[in-house]
Amino acid sequence: MQFKLLKSGYKKNADFYQAFVNERLTADSEFFSNEVVYFPSNKPFPIYMGVKKKGDKKQDFIDAIQVITSDYLQTSRELHFEEIVWHSYFVSCQREYIIEQYPDILESQADFENIVTKNFDWENYVYKCVLVAEYVADYSKDNAEQKLKLYNLVYDNLDLFNYIIKYPLFRNGDFVLKFLEVIDELKISDVMKAKIPNRPDLGKDERYGRRVILELNKSYPVILVPMLTKEELKIEVEKALALYYPQADSEK
Amino acid sequence: MIYKKDANFPYPILTNSSFDYEESEFYFDIELIENSEYYQFVIETTLTSSFIKTLLDLQKVELILIVQAKDNKFYPLKGLNDIIFIPKSRVSLNKRTTLQLQIRAKAQINFSANHELSLFYIQFKDKMNVEKNGTLGFSNIITFDSSNKKSYDLFEKKVDPNLLSEIKIELSTETIVIYYRNEEMQFAGLPHPINNLYVYMGLRTALQQFVLLFAEEGDECVYLNDINTPEEGLYLKLHQLMKQKGVEEISMDNLDAVIYQISDHIITKFTHTVRGLEGSAI
Amino acid sequence: MGMFQFARLQNIEEHNFHNVLEDFYKMGIRGLVRENLQNSLDARLSKDQPVVVKITFGDLAVNDIPGIDELKDRVQCLEGKNQYSQATIKRMQEAMKAEVVQFISFEDCNTKGLRGAKNGQSNNPEDTFGVYAYSKGVHGVEDDPEKEKVRGGSHGIGKIASNSASDIYLMYFANCDEHGEQHIGGTIQLIEHQYQQAYYRATGYFAQAKTYGDDQVQKFPYENNFHHVFAKDTRGLKIIVPFLREGFADEVEMVKTICDSFLIAILEKKLVVEINDKVIDDKTIHMYLSDEQYYQNEISEMKKEFTPLYAQTYTKIPAQKIQISNSETTFNFDLYFTYDEKIPVGRMAIFRTVGMKISDYKVLNNVRKPFNAVLIGGADEDVYLKSLENESHTDISADHIKDAKTKRLARKFLAKLNSELDRIIKEEIKKQNPVDGIIDTSDILYTTEIQFKKQIEKALGTVTINTGKKMMKTNDASAPKKQTKKGGKNKKAPALQKKPNPPKPNLTERDDELKKDRYSVQPNLVKRLIVNGKEIIHFDFSQEKAMQSAANCDILFEIIDGMGAKYAFDLANNYLEILNRHTFSTYAFDGNKIKGVTIPKNGIVELIVTFKPTYNKALKFNYLVEV
């Protein structure tokens, strides 16, 4: 699959949106540069699992990761981890698919920007799926069962996953997955998601999981947290959780 | 994650800014080699602490290369000099990529054999321990940024007929952008220095923002040797330019002096140009 | 009975002149020429030959004007009931005193002329003479529907344009039909009036009347035996306007109107205009366009009139096809487009297929772009464009359309037209001007900038890697080497850096509290250690002037996280006791602050901390002092 890269300036651009809507985004359109990029595949995958999407979002999430893993991950990161590449690809090669999946993008420029040309960062579903695909592929090698389990773990703890990858410190494949496994094995997923009661000093919407991450952050690099083994990480997580959730020890 | 902020750790650490070790230094340099599949980082480390070198030999500590771009990756080194291969499918140097070495304890480390510490710590050295997975020190930072078009550009000009003002100065991630409401204001065809007033205004705007962004909370002054190298292109350029020109501190009070220092007689050239035009008009 | 027929009235109801008269008058000679030429073009006979319109103006003896005596009498009887009609009546009465007046005539050839003059007021739409002569605001129906679509205005209104150009609102039309039959008609627009004990309508028809029964009147034209100014002896129509108003006999303005409005018609050999001895055809028009007497010829000065540019665009540039849809119907146009940096004002002329210009169209957001364009459609496009014409026929818009749906479609059409043109203009600008206009096209600003650039390149350290790719490489170690470690420090921030005090929450605190200065403590002034279950914090203020005069200070604690961010540290949650190693005094906690720490003469403060078991021993700190 071959397509041209967009020139910068297409974001928040009503002309660009109109060109997309009216099928005028041909390769010779002024919005494209002359730089051509090759993808080994043109297999579509879900690109958005936010509030506006109906249906089984978890399945979409897993489908997306699996397609990315099988069809796109072998490319250089300069392609599959690059905002401009994905945005160019979606509008050039996947127009029909994304319109079918997300018809709102034809109606509203805001929806289009939120679904198709969203900034490629931790809030972007494609970004998340690419990260998870890379991380799990490197972590589990050929263990398909473990892979599926990890995809599920990420989705089931998405708030925490978002919080981790939001900050550069722990945006590391091994760490993210190890951390989720620790949560799973310690069976503290619900606790980590829960809001901390009676602590107005911690600010709004403070959850145990986020506080645990913050404590680990404060310890870095006196403890090189991302390099801990899973068992070592368990100890640090329990220690950090105990600062905010004193019952944790007694209940167990 | 690259760590660079000076702080007081619970034990002495080896860094290039801390005085915990009396003299020891910890530097590394990288040569980058690229092929179609891999990046090769050829690493050469200068470590003058015999205490830590011994620990390395005993494999009680290891050097870890941290590569931070869009995310973090860690690679243990086999020794002071090593070559790390990273597949291009897992790292991209398109955006700014920073690298650093950390010294990781592979087991508990006791400091009794450490004779390089400053006076205060020497008295406690026998009882001092660093736990497994702790850092014993961290190195300098190396940044790679593949040359995109704007890497060395400081200014851009644009025309926007819909501008609400006659000109507008905007700071983009890489450049100072001067918007003109119409092309005539760019004086195309006239000697270039006639635009120096805009250059001056643009520089002043950017440097003001620099001070606001990089002055520590509550501070009025930015000490250029003391701050971390800025991540964002525009401020990186200004930072490096000022350092190159020997500027040591910048505050709202010395902006004009800094502009004078980093540029080449902007206003004098402007004046000469206008005088010249005046003469030719008669 | 006179030669003009005015319908009788029971009484006078309307005291004003027809309001369109003044509107047309304001358009001057342009309106008159445009309306008459348009009608002639619409009546074109053979497609192989151009319509020729002869415009003549000059002097005419009042006595040679048909039926003038009766008109003089009637004008004397007019009574104005308001200032405006009084002024008009006065003007008419003054004009009537002259013996010689100016006239203008428009005589067309290779046109059909009007049909069925002999039938008079037959009320048969195919008798175009009757329709033209005796009805207002309607026009006869063409038997060819395609022609019906492309014709321009309506004859009724065109006629009144001629009335308005006369001081007494008088016009005649002489017709010669395909059989060589020559007739003459005309109208005068007065106001309702009393004349010889009877009341009459405003409009008088130059016609003879035949009466049937009591009231039934049918009008018939006169056969044309009048002065040669009024003669029309070849097939076609001739409009004669006597009492031509002052300022209308402006030849330059007429030539420009013809070139401006009928540029394409003339270039396409559909129209030839003769004014007195001048001939404007597809050859000679270029002479007028390039004549300084008529047009500005510096492209850079063409800010209001664009006809010479349109001519260039149309004749030199091949057309491109564009489609504009209003979402129900798609219209096809030919677009002639020129891009030239010298053009100061960008306009697109929209022409009807007959070659008459509708509008100097301003493309949204592109009125100052250096382009020039001509847009022409086909029959369907003409009909649609006509529905978009504003009331004065000088532009197209959706504002005047009443029906909501039609209006919406019109808006869509105009929006599409604008965006399509905008796209074409942008593409052209990009093609012509690759360094400017596009959002991310940076270019070097100034020579000063080139110097900056070189310096930045040097400062940033460019390396070329094995593949030849250029990379920027910065090594923060390469600048300040650590040789200064033992001796003097590098030029760094002062070890104690002054900080502004946080705002005091209230004024109940003691006065000396307010006077304290706050400093951040450079980490190299501090040695910190956790050993044997205790934390030791050692401050060396011996070299710090700010501390030397003080006997004691407050110390504040800040946590630094793994990314270098600061957090407040709650002492009471983490520490059990803080002891001064030299004075053995202990300190109370106040949030993240301990107060009244004694500073000995040597400036060394050493604190020993006993911490809680839950204390995170992996934390790292920055400290602040207040003295």
Side-chain angles (χ1 to χ4, degrees), chain B residues 1 3-11 16 18-19 22-23 25 27 29 32-34 93 118 120-121 124 127-128 140-147 149-157 159 161 175 178 192-193 195-196 199 216 218-219 223 225-226 229 237 240-241 243-244 248 263-264 266, chain C residues 365 368 436-437 442-449 451-453 455-460 462-463 465-467 469-477 479-480 482 485-486 490-493 497 499-500 520 523-524 526-532 535 538 560 562-564 617-623:
Chain B
M1 171 87 187
Y3 184 86
K4 43 197 171 183
K5 176 87 182 163
D6 284 338
N8 292 109
F9 281 62
Y11 52 81
N16 296 310
S18 146
F19 295 168
E22 280 287 327
E23 290 196 41
E25 295 178 349
Y27 292 106
D29 200 359
L32 177 65
I33 297 172
E34 182 185 2
L93 300 186
S118 61
F120 170 82
Y121 287 117
F124 301 102
K127 296 172 205 153
M128 274 176 8
N140 58 312
I141 294 164
I142 289 175
T143 307
F144 282 102
D145 203 336
S146 73
S147 62
K149 266 179 283 165
K150 288 185 193 164
S151 277
Y152 313 112
D153 287 329
L154 194 54
F155 283 92
E156 269 181 283
K157 65 172 173 181
V159 172
T175 55
I178 302 173
H192 291 301
N195 278 302
N196 279 7
V199 174
E216 292 242 342
D219 260 350
Y223 299 90
N225 286 322
D226 206 39
T229 307
K237 291 173 200 169
Q240 300 297 102
L241 188 60
K243 282 182 79 168
Q244 182 85 13
E248 287 165 348
S263 64
D264 187 14
I266 295 183
Chain C
N365 293 332
R368 298 272 166 203
D436 202 358
S442 64
D443 69 7
I444 302 156
L445 197 51
Y446 315 112
T447 46
T448 319
E449 152 71 1
Q451 289 167 6
F452 277 134
K453 214 168 144 174
Q455 282 157 7
I456 291 169
E457 203 167 331
K458 197 164 117 196
L460 291 180
T462 309
V463 293
I465 59 172
N466 62 315
T467 50
K469 195 183 335 183
K470 265 194 172 182
M471 283 250 173
M472 205 168 78
K473 180 182 162 192
T474 336
N475 188 338
D476 72 349
K482 208 181 171 182
K485 193 168 182 176
K486 204 174 179 185
N490 235 332
K491 182 82 179 193
K492 288 184 72 92
Q497 233 170 283
K499 300 273 178 181
S520 68
N524 273 328
V526 185
K527 304 289 177 207
R528 176 169 168 258
L529 182 64
I530 295 178
V531 70
N532 287 345
E535 178 170 345
H538 173 100
I560 303 299
M563 297 187 288
K617 293 192 279 291
L619 295 179
K620 56 209 166 300
F621 290 88
N622 275 356
Y623 300 95

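Side chains are part of it too, since the values below use all heavy atoms of this structure and drop only hydrogens, waters and symmetry mates. Everything quoted here is computed from the prediction, not taken from an experiment. Every chain is numbered from 1 and lettered A, B, ... according to where its sequence line falls, protein lines coming before strand lines.
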Which atom names give the shortest non-hydrogen contact between [X] and [Y], and what distance separates them?
X	Y	value
B:Ala7	C:Asn622	CA-OD1, 3.5 Å
C:Lys617	B:Pro10	O-CG, 3.4 Å
C:Lys527	B:Phe19	NZ-O, 3.5 Å

With B:Tyr3 via ring-ring contact (aromatic ring centres under 6.0 Å, His included) - residues at least two apart: B:Phe9, B:Phe138

When heavy-atom pairs shorter than 4.5 Å are enumerated against chain B, which of C:Leu529, C:Ile530, C:Leu619 gives the highest number? C:Leu529

Donor-acceptor contact present, side-chain B:Tyr11 to main-chain C:Arg528, <3.5 Å: no

Would you say B:Asn8's side chain and C:Val526's backbone share a donor-acceptor pair under 3.5 angstrom? yes

Only counting residues at least two apart or in another chain, list the ones meeting side chain to side chain contact (heavy atoms under 4.5 Å, CB included) with B:Lys127. C:Val531, C:Asn532

Side chain, backbone, both or neither of C:Ile560 within contact of chain B (heavy atoms, under 4.5 Å): side chain

